[in-house]
Amino acid sequence: MPYTKQDLKQQLQEAGLKETDTILIHSSMKAIGEVEGGADTVLDAWMEYFGKGLLLLPTHTWAQMSPEHPVYDPEREESCVGLLTNLFRKRPGVVRSLHPTHSMAAFGREAADYVEGEENCNTPCTPGGCYDRLRQVKGKVLLAGVGHERNTFIHSVEEVLNVPNRLTDKPVELWVSMPDGSRKLVYMRKHYNVMQPHISEDFVKLEQAFYDTGAAEQVKFGDADCILCDACKVFEVTRQVLAPNPECLVTEAVIPPERWRHDWKCEIKRLFSLPEN
């Protein structure tokens with residue numbers, strides 16, 4: 001039997017999510033499975049459930065923005081990160097940020113304020129921008145049928161920590177179509193590492209660290225196996241893991257568990273008042 005909208009909302013409740021939460025969702029419709037009404041029903045469930053909170057979906061355009069395709073128009077530019085994101089950005093009440101490569105679409109409480117000013121960024125996940133701001137609002141990240149290789153928030157952690165060899169040395173010139181009809185020139189650096197062309201694929205090395213410290217937990221949405229993350233805790237755990245070697249996610253095949261266990265586990269509990277096991 002296909003999932004109904006009520007089934008999906010019930011799963012969100014069972015995951016411990018609140019209608020007032022600020023939540024960023026990365027998703028795979030294929031993994032979510034058969035839903036009565038399809039992708040639109042999934043969006044209806046999210047938008048209704050988080051109606052008193054703030055719902056965020058990535059609407060990235062990094063795949064196509066280039067010197068050959070330099071103009072980002074938030075009204076027309078397709079998202080390169082999935083069906084749900086493209087349907088969501090077109091819905092009434094949804095506001096899309098003006099970041100030319102890593103835009104975010106927002107719906108709900110103070111949505112326009114949350115995504116304001118992204119046209120002034122010059123990196124994918126600039127400190128103080130939409131992704132980094134999840135920490136400030138005690139937000140959550142739901143990976144619905146995808147893993148940490150799609151967890152853009154970790155890119156923002158790396159930028160805040162100034163991890164080396166994550167960005168191109170030289171920016172590209174891009175243009176943003178502004179609401180008043182003008183165009184704004186933006187100098188944008190992109191993700192780049194000479195050893196790993198797809199940096200985020202190595203974020204999966206943090207998965208056990210997040211589980212062990214309570215920064216993430218496994219939940220279900222539809223048929224999808226999901227990972228629900230606390231943005232503040234993910235930041236603190238990542239900072240601790242990277243402390244001895246900021247480039248370890250790329251340069252080390254396996255991250256030693258000692259980086260997050262023992263004394264660090266106690267510290268996480270102290271910082272966030274987690275119950276003792």
Side-chain angles (χ1 to χ4, degrees), residues 21-26 54 56-58 60 62 81 97 99 101-104 114-115 117-118 121-143 146-168 188-193 195-217 226-252 254-257 259-261 264-265 267-269 271-272 274:
D21 280 337
T22 294
I23 187 162
L24 169 65
I25 302 179
H26 293 271
L54 180 61
L56 307 167
L57 267 67
H60 299 172
W62 49 261
V81 287
S97 77
H99 194 295
T101 61
H102 285 68
S103 63
M104 180 184 288
Y114 190 89
V115 300
E118 289 290 282
C121 295
N122 58 11
T123 61
C125 301
T126 304
C130 281
Y131 285 94
D132 181 38
R133 208 170 298 150
L134 282 170
R135 294 186 295 139
Q136 301 170 18
V137 298
K138 296 180 171 56
K140 298 177 180 178
V141 179
L142 179 64
L143 304 173
V146 298
H148 289 291
E149 73 281 355
R150 297 292 180 266
N151 193 348
T152 305
F153 176 71
I154 300 176
H155 277 302
S156 77
V157 177
E158 290 191 320
E159 287 204 32
V160 171
L161 298 179
N162 200 26
V163 175
N165 299 313
R166 289 298 183 271
L167 299 168
T168 54
M188 180 61 57
R189 297 168 73 190
K190 293 192 172 186
H191 289 136
Y192 175 75
N193 181 279
M195 294 176 60
Q196 168 56 287
H198 305 290
I199 298 168
S200 62
E201 290 182 359
D202 283 327
F203 292 167
V204 297
K205 296 176 184 178
L206 293 165
E207 183 170 308
Q208 196 59 47
F210 295 151
Y211 287 144
D212 286 354
T213 57
E217 61 180 313
C226 307
I227 305 172
L228 178 60
C229 309
D230 180 293
C232 291
K233 295 176 186 177
V234 164
F235 181 89
E236 293 298 336
V237 174
T238 304
R239 178 164 63 177
Q240 178 66 19
V241 170
L242 269 54
N245 176 11
E247 295 189 77
C248 66
L249 295 182
V250 169
T251 62
E252 298 180 27
V254 178
I255 308 300
R259 297 266 181 90
W260 67 83
R261 292 180 180 166
W264 169 241
K265 187 173 182 181
E267 179 66 7
I268 283 288
K269 291 175 180 176
L271 285 170
F272 300 104
L274 298 177

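FYI, the numbering just counts along the sequence from 1. Just so you know, these numbers come straight off a predicted model, no measurement behind them. The figures that follow rest on heavy atoms only: side chains count, while hydrogens, waters and symmetry mates do not.
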Task: Exercise: identify the closest heavy-atom pair between V237 and A215 - done: CG2-CB, 4.1 Å
Open item on the list: To check you understand the geometry: which heavy-atom pair defines the closest contact between C232 and D230, and what is its length?
Closed with: N-OD1, 3.1 Å
Open item on the list: Measuring from atom CG of L142 to atom CD1 of I227, what distance do you get when rounded to the nearest 0.5 angstrom?
Closed with: 9.5 Å
Open item on the list: Using only atom types and a distance under 3.5 Å, with no angle test, would you say the side chain of D21 pairs donor to acceptor with the backbone of I23?
Closed with: no
Task: Heavy-atom side-chain proximity of S156 to P127 below 4.5 angstrom - done: no
TODO: Taking all non-hydrogen atoms of both residues into account, name the closest pair between H155 and C125 and its distance.
DONE: CB-SG, 3.7 Å
Task: Nearest heavy atoms of P58 and V81, plus distance in Å - done: O-CG2, 3.6 Å
Open item on the list: Rounded at 0.5 Å granularity, tell me how far CD in E158 sits from CZ in R239.
Closed with: 14.5 Å
Task: Ion pair K233/E236, N-O distance below 4.0 Å - done: no
Open item on the list: Quick check for you: to the nearest 0.5 Å, what is the distance between Q196 atom CD and T251 atom OG1?
Closed with: 11.5 Å
TODO: Mind checking the OG1-NZ spacing from T168 to K190? Nearest 0.5 Å is all I need.
DONE: 8.5 Å
- [ ] Determine whether L24 and K140 make a side-chain contact, defined as any pair of heavy atoms from C-beta on separated by less than 4.5 Å.
- [x] no
TODO: For residues L249 and R166, report the shortest heavy-atom separation together with the two atoms involved.
DONE: CB-NH2, 4.4 Å
TODO: Show your reasoning for whether side-chain contact (heavy atoms from CB on, under 4.5 Å) applies to H26 and V141.
DONE: CA-CA 8 Å; H26 293 271; V141 179; 4.2 Å; yes
Open item on the list: Could you walk me through whether E201 and R150 satisfy the salt bridge (charged side-chain N to carboxylate O under 4.0 Å, His left out) test, starting with their C-alpha distance in whole Å, then the side-chain angles of each, then the deciding distance to 0.1 Å, before giving a yes or no?
Closed with: CA-CA 8 Å; E201 290 182 359; R150 297 292 180 266; 6.0 Å; no
- [ ] First locate atom OG1 of T238, then atom CG of L161, and finally report the distance between them rounded to the nearest 0.5 Å.
- [x] 8.0 Å
Open item on the list: Going by the rule ring pair (Phe, Tyr, Trp, His ring centres under 6.0 Å), which residues pair with H148 if we only count those two or more places apart in sequence or in a different chain?
Closed with: F210
Open item on the list: Can you confirm whether L54 sits close enough to L56 that some side-chain heavy atom of one is under 4.5 Å from a side-chain heavy atom of the other?
Closed with: yes
Open item on the list: Keeping H99 on the side-chain end and T123 on the backbone end, is there a donor-acceptor pair under 3.5 Å?
Closed with: yes
- [ ] Decide whether S103 and E118 meet the rule of one side-chain donor and one side-chain acceptor closer than 3.5 Å.
- [x] no
Open item on the list: Let me confirm one number: the CG-CH2 distance from L206 to W260, rounded to the nearest 0.5 Å.
Closed with: 8.0 Å
Open item on the list: If you compare all heavy atoms of C229 against all heavy atoms of L143, which two are closest, and at what distance to 0.1 Å?
Closed with: SG-CD1, 4.4 Å
Open item on the list: Salt bridge check, E252 against R259: does any charged N sit closer than 4.0 Å to a carboxylate O?
Closed with: yes
Open item on the list: Centroid separation under 6.0 Å, is that true for the rings of Y131 and H102?
Closed with: no
Open item on the list: Please identify which of these residues, V234, V160, V157, meets the side-chain contact (heavy atoms from CB on, under 4.5 Å) condition with R135.
Closed with: V160
Open item on the list: Quick test of your reading of the model: are D212 and R261 salt-bridged, counting only N-O distances below 4.0 Å?
Closed with: yes
Open item on the list: Looking at T22 and G139, would you say the former's side chain and the latter's main chain have a donor-acceptor pair under 3.5 Å?
Closed with: no
